[in-house]
Structure formats: structure tokens, C-alpha cells
Amino acid sequence: MNGPQIERLIQLLGRLPGLGPRSARRVALHLLKKREALMQPLSAALADAANAIRPCGSCGNLDTIDPCSICADPRRDNGLLCVVEDVGDLWAMERGRIFAGRYHVLGGTLSALDGVGPEELNIASLVRRVAGGSVREVIVATVDGQTTAHYLAERLADSKVPLTRLAHGVPVGGELDWLDDGTLATALKARRAL
Ligand SMILES: [Zn+2]
């Protein structure tokens with residue numbers, strides 16, 4: 001129906017989260033109509049981001065510098081380490097400005113069903129960081145239920161560093177990004193021993 005370039009654009013857009021084939025067509029058409037105002041700047045921004053942004057070697061955050069700006073910030077508390085599933089969860093915490101410690105991005109949660117074992121996640125690097133000695137508390141802010149949290153508790157047991165988790169009010173299986181900042185702040189403040 002359309003030329004191959006348009007079909008390719010629609011096909012790629014359709015792979016984005018939340019976009020099905022129908023909305024991908026709408027987005028493609030919108031971009032094509034706003035070529036100069038939107039499509040070209042977006043294309044340049046995508047190319048820039050693809051070139052410049054990489055995972056932080058320490059925490060797994062995405063940034064243009066490594067260590068990332070959070071790891072490099074001397075005003076943050078080295079003693080508080082918040083473990084999140086994904087960079088999106090880190091962004092949610094940062095959006096609310098509710099946390100001034102450091103992060104560790106696991107890159108997923110344990111799932112036997114999906115074949116995600118400990119080796120697939122950034123767990124070994126977490127154990128090394130905690131063993132480093134400056135961490136006073138590990139806040140496990142994953143929301144997959146208990147599997148990952150319990151596994152982390154086992155792996156970090158030797159460190160004797162206390163583990164906490166967010167208080168109830170955080171829906172299991174959701175993403176922190178869906179919570180409003182007040183709910184997330186309350187869940188963090190009311191965190192409890194794991
Ligand atoms: Zn970092």
C-alpha cells in the first residue's frame with residue numbers, strides 16, 4: 001500500500017511499547033506531516049542518544065558519562081543503596097526527588113518462567129558493591145513479589161548489611177513509574193525490614 005520506507009517506519013514504530021499497528025500508522029503519518037518540526041529533530045535526537053548514551057559500569061543507569069551523574073555526585077549518600085529492576089524505576093525515584101542515595105539496576109527480575117536466572121541480572125556486581133563496605137542499608141525496590149528480594153537477601157546475607165523493602169501500597173507486578181510521587185515517597189519512607 002505504501003512505499004517500503006514508510007512500511008519500514010511503521011513496522012519499527014509498532015515495536016515500541018504501547019504502540020500497536022494502528023497507532024504506529026498514526027504516529028508515522030504524524031511524523032511525515034511534521035517533517036521539519038518533529039521528524040528531523042527526533043531522528044537527530046535518536047542518533048545522538050544511540051551514540052552517546054551507555055550503561056553506567058557501576059550502577060547500570062543510562063547516561064552519557066560513566067560513572068553516571070548519580071554515581072559521580074558527591075552529595076549523595078554512599079550508605080543507602082536502592083536496588084531497582086529497571087532504569088525506568090530509577091527515573092521514577094528521581095522524578096519525585098525522594099531519594100538521595102545510590103542505585104543499582106538489576107536489569108530485570110528473576111523468573112524461572114522466562115528463563116531469567118541470577119546470571120542474567122546484575123547481581124554479582126551488587127554483591128561486590130555491598131561487600132565494599134560503605135553500604136549501611138540495601139533498599140530492595142523491586143515489585144515482582146518476593147522471589148528476587150528473597151534471593152538477594154540470601155546472596156547478601158554474609159555482608160550483614162540490613163535489607164529493607166518498600167512498604168505496602170506498591171502493587172506487585174507493576175512498575176514504580178505508574179505510582180504517583182506521593183505514594184512512592186510514602187512507600188519509601190515507611191520501608192520495612194525484608
Ligand atoms: Zn551509575
Side-chain angles (χ1 to χ4, degrees), residues 16-17 44-111 114 116-144 147-167 170 174-181 183-189 191 193-194:
L16 296 174
L46 286 171
D48 275 356
N51 284 328
I53 297 175
R54 44 190 43 83
C56 170
S58 176
C59 76
N61 186 20
L62 293 171
D63 206 337
T64 51
I65 52 173
D66 182 9
C68 72
S69 48
I70 292 177
C71 285
D73 186 346
R75 291 163 300 182
R76 285 181 171 261
D77 185 350
N78 280 327
L80 289 175
L81 188 61
C82 180
V83 178
V84 291
E85 175 181 342
D86 195 68
V87 175
D89 298 322
L90 184 158
W91 286 352
M93 300 277 289
E94 285 298 292
R95 191 186 58 208
R97 296 178 189 281
I98 55 176
F99 182 69
R102 312 280 179 187
Y103 294 96
H104 195 88
V105 181
L106 290 180
T109 50
L110 292 174
S111 168
D114 299 321
V116 182
E119 307 75 35
E120 272 74 41
L121 303 177
N122 301 322
I123 290 179
S125 55
L126 172 66
V127 174
R128 279 197 302 276
R129 281 183 86 180
V130 174
S134 54
V135 178
R136 298 187 310 274
E137 177 186 348
V138 174
I139 302 160
V140 181
T142 58
V143 285
D144 70 323
T147 316
T148 305
H150 282 165
Y151 180 79
L152 293 180
E154 256 172 51
R155 288 289 302 271
L156 295 171
D158 286 347
S159 71
K160 308 276 190 266
V161 173
L163 270 69
T164 54
R165 61 178 171 83
L166 300 181
V170 178
E175 293 169 30
L176 297 185
D177 200 32
W178 291 103
L179 299 176
D180 65 78
D181 296 347
T183 306
L184 191 49
T186 307
L188 178 66
K189 202 176 275 179
R191 63 188 183 270
L194 190 80

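Note that ligands are numbered from 1 as they come in the structure, with each ligand's atoms numbered from 1 the same way. Since the structure is predicted, the reported quantities are computational estimates derived from the model, not experimental observations.
- None of Val116, Thr109, Val140, Ile123 except one satisfies the side chain to side chain contact (heavy atoms under 4.5 Å, CB included) rule with Thr148; the exception is Thr109.
- Atom OG1 in Thr186 sits 10.5 Å away from atom CG in Asp181 (nearest 0.5 Å).
- No donor-acceptor distance shorter than 3.5 angstrom exists from the side chain of Arg155 to the backbone of Ala153, with no hydrogens or angles considered.
- Note that CG of Leu62 and CH2 of Trp91 are 6.5 Å apart. Values are rounded to the nearest 0.5 Å.
- The count of protein N, O or S atoms under 2.8 Å from the Zn ion (ligand 1) stands at 4, with waters excluded from the count.
- Residues satisfying the salt bridge (Lys or Arg N to Asp or Glu O under 4.0 Å) test with Arg129, not counting sequence neighbours, are none.
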Does the pair Asp89 and Val143 meet the rule for a side chain to side chain contact (heavy atoms under 4.5 Å, CB included), with working shown? CA-CA 10 Å; Asp89 298 322; Val143 285; 5.7 Å; no
